[in-house]
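Report on one structure; see the data block that follows.
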Amino acid sequence: MSYKVLIIPEDFTKDEHVLKPLVEKVLADAGKSNTAVLVCRDPNFAGIGEALKLERLKKDVIQRYPMVDLFILFVDRDGLAARDGTVAGIEKALEPEFKNRKGRFVAEVAHQEVEVFVLAGHDLPTDWSWKAIRADPNVKNTYFRDFVHTKGMQDHPHEGRKMLVAEGIKNWERIKGRCPEDVGRLIKRLKA
């Protein structure tokens, strides 16, 4: 029987193309083999405000999907350092939901947006600073869009996220090295 994982993004429409392959690699790195990873599409929270509502997570996700072994809430930081504390609080508040049932709930924040994971696996223009990319609260509309254009992917579905992440994830060690605050932390937490 496989280990069932459900990724809960703030909006699956574009994020799923980045988060699903990323989380599959994180789980493999954490020693979790034989996993079935799905992205929550129902409900589609369609925004950070709804994705961070505790009651919606309980009722619309956790109670709705009792067969899931691991729920991973994965949202953007968007330059808001306090968001780390917010998701940690949600994770703590949901612990009682798992007292009498199987499963675990983990919350993680992408510093600053999930598109940074795509960039992390690629060779970047020499005039770009990785430190500046990680600090940019709007990396999707600045560096990522420029990168998409340099790759000629702007007319592909979801700006080529699926293809770009598949290419970038081949450089997994680079992604882990560039993203210790989120990818590295999630690996460590899932090994525990």
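Please read all numbers here as calculations on a predicted model, not as lab measurements.
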Any Lys/Arg nitrogen of [X] or [Y] sitting under 4.0 Å from an Asp/Glu carboxylate oxygen of the other?
X      : Y      : result
Arg134 : Glu181 : yes
Arg161 : Asp15  : no
Asp182 : Lys176 : no

Joint cluster assignment, [X] & [Y], ILVMFWY side-chain distance < 4.5 Å:
X      : Y     : result
Val23  : Tyr3  : yes
Val106 : Phe45 : no
Val37  : Ile62 : no
Val139 : Val18 : yes
Val148 : Leu22 : yes

**Request:** Apply side chain to side chain contact (heavy atoms under 4.5 Å, CB included) to the pair Arg41 and Glu16, showing each step before the final yes or no.
**Result:** CA-CA 9 Å; Arg41 293 172 149 224; Glu16 73 175 329; 2.6 Å; yes

**Prompt:** Run the side chain to side chain contact (heavy atoms under 4.5 Å, CB included) check on His158 and Lys162 step by step: do they pass?
**Reply:** CA-CA 8 Å; His158 309 295; Lys162 192 172 189 173; over 6 Å; no

**Request:** Decide yes or no on side chain to side chain contact (heavy atoms under 4.5 Å, CB included) for Glu159 and Met153, but give the supporting numbers first.
**Result:** CA-CA 6 Å; Glu159 297 176 289; Met153 303 294 279; 5.9 Å; no

Quick check: do [X] and [Y] have side-chain heavy atoms less than 4.5 Å from each other?
X      : Y      : result
Lys32  : Thr35  : yes
Ile169 : Phe117 : no
Leu164 : Lys151 : yes
Glu113 : Asn138 : yes

**Asked** Among all residues two or more places apart in sequence or in another chain, which pass the salt bridge (charged side-chain N to carboxylate O under 4.0 Å, His left out) test with Asp60?
**Response** Arg56

**Fill in**
salt bridge (charged side-chain N to carboxylate O under 4.0 Å, His left out) filter on Lys53, not counting sequence neighbours, yields Glu50

**Request:** Hey, could you give me the CD/CZ distance between Glu108 and Arg185, rounded to the nearest 0.5 Å?
**Result:** 4.0 Å

**Asked** Rounded to the nearest 0.5 Å, how far apart are SG of Cys40 and CG of Leu57?
**Response** 9.0 Å

**Prompt:** Sequence neighbours excluded, which residues qualify as side chain to side chain donor-acceptor pair (under 3.5 Å) partners of Asp127?
**Reply:** none

**Prompt:** side chain to side chain contact (heavy atoms under 4.5 Å, CB included) between Asp29 and Lys188: does it pass, once the steps are laid out?
**Reply:** CA-CA 9 Å; Asp29 213 286; Lys188 287 178 189 169; over 6 Å; no

For a quick test of reading the model, state the closest non-hydrogen atom pair linking [X] to [Y] and the distance between them.
X      : Y      : answer
Val165 : Pro21  : CG1-CG, 3.5 Å
Ala30  : Leu190 : CB-CB, 3.9 Å
Ile8   : Phe105 : CD1-CE1, 3.9 Å
Cys179 : Ala120 : SG-CB, 3.7 Å
Leu119 : Leu124 : O-CD2, 3.7 Å
Glu24  : Lys20  : OE2-NZ, 2.6 Å

Show which side-chain atoms of residues 66-82 pair as donor or acceptor with protein atoms under 3.5 Å away, not counting sequence neighbours.
{"from": "Asp69", "atom 1": "OD1", "to": "Lys102", "atom 2": "NZ", "distance (Å)": "3.1"}
{"from": "Asp69", "atom 1": "OD2", "to": "Lys4", "atom 2": "N", "distance (Å)": "2.7"}
{"from": "Asp76", "atom 1": "OD1", "to": "Val114", "atom 2": "N", "distance (Å)": "3.0"}
{"from": "Arg77", "atom 1": "NE", "to": "Asp84", "atom 2": "OD2", "distance (Å)": "3.1"}
{"from": "Arg77", "atom 1": "NH1", "to": "His111", "atom 2": "ND1", "distance (Å)": "3.1"}
{"from": "Arg77", "atom 1": "NH2", "to": "Asp84", "atom 2": "OD2", "distance (Å)": "3.0"}
{"from": "Asp78", "atom 1": "OD2", "to": "Arg83", "atom 2": "NH1", "distance (Å)": "2.9"}

Under 3.5 Å, side-chain donor or acceptor atoms of residues 88-99 against the rest of the protein: list the pairs with distances, not counting sequence neighbours.
{"from": "Glu91", "atom 1": "OE1", "to": "Ala107", "atom 2": "N", "distance (Å)": "2.9"}
{"from": "Glu91", "atom 1": "OE1", "to": "Arg189", "atom 2": "NH2", "distance (Å)": "2.7"}
{"from": "Glu91", "atom 1": "OE2", "to": "Arg189", "atom 2": "NH2", "distance (Å)": "2.3"}

**Message:** Under the ring-ring contact (aromatic ring centres under 6.0 Å, His included) definition, can you give me all pairs with a residue in residues 134-156, not counting sequence neighbours?
**Reply:** His122-Phe147, Trp128-Tyr143

**Message:** Does either side chain, that of Thr142 or that of Asp136, offer a donor lying less than 3.5 Å from an acceptor on the other one?
**Reply:** yes

